[in-house]
Amino acid sequence: MSTYPVTCPTCFEEFEVALPSPEETPCEVDYDCEVCCRPMWIAFECDDDAEVTAWARGLGD
Ligand SMILES: [Zn+2]
């Protein structure tokens with residue numbers, strides 16, 4: 001399973017999240033930071049090359 005680095009919006013540490021398959025995107029999941037355990041949303045999106053990318057945002061954004 002491939003992973004993608006995201007930056008926590010709370011502690012700004014980077015960690016890897018497991019990527020869903022391209023057919024499952026776009027989607028958003030709630031996730032707890034692996035460093036500070038704060039909740040966040042992680043959005044997954046598929047680009048034109050069928051590469052899935054991810055980014056994180058805080059719950060309040
Ligand atoms: Zn964090």
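Indexing begins at 1, ligand by ligand and atom by atom, following the structure's order.
- Of all protein atoms, those that are N, O or S and lie under 2.8 Å from the Zn ion (ligand 1) total 4.
- Residue Pro20 comes nearest to Val52 through the heavy atom pair O-CG2, 3.7 Å, listed as atom of the first residue, atom of the second, then distance.
- Taking both residues in full, the closest heavy atoms of Pro9 and Arg57 are given as CG-C, 3.6 Å, listed atom of the first, atom of the second, then distance.
- Here the closest heavy-atom approach between residue Ala18 and residue Thr3 is recorded as CA-CG2, 4.0 Å.
- If you chain together hydrophobic residues whose side chains sit under 4.5 Å apart, Trp55 and Phe15 never meet in one group.
- In this structure, Asp49 contributes its side chain and Glu51 its backbone to no donor-acceptor pair below 3.5 Å.
- For Val6 against Ile42, the heavy-atom pair with the smallest separation is CG2-CD1, 4.2 Å.
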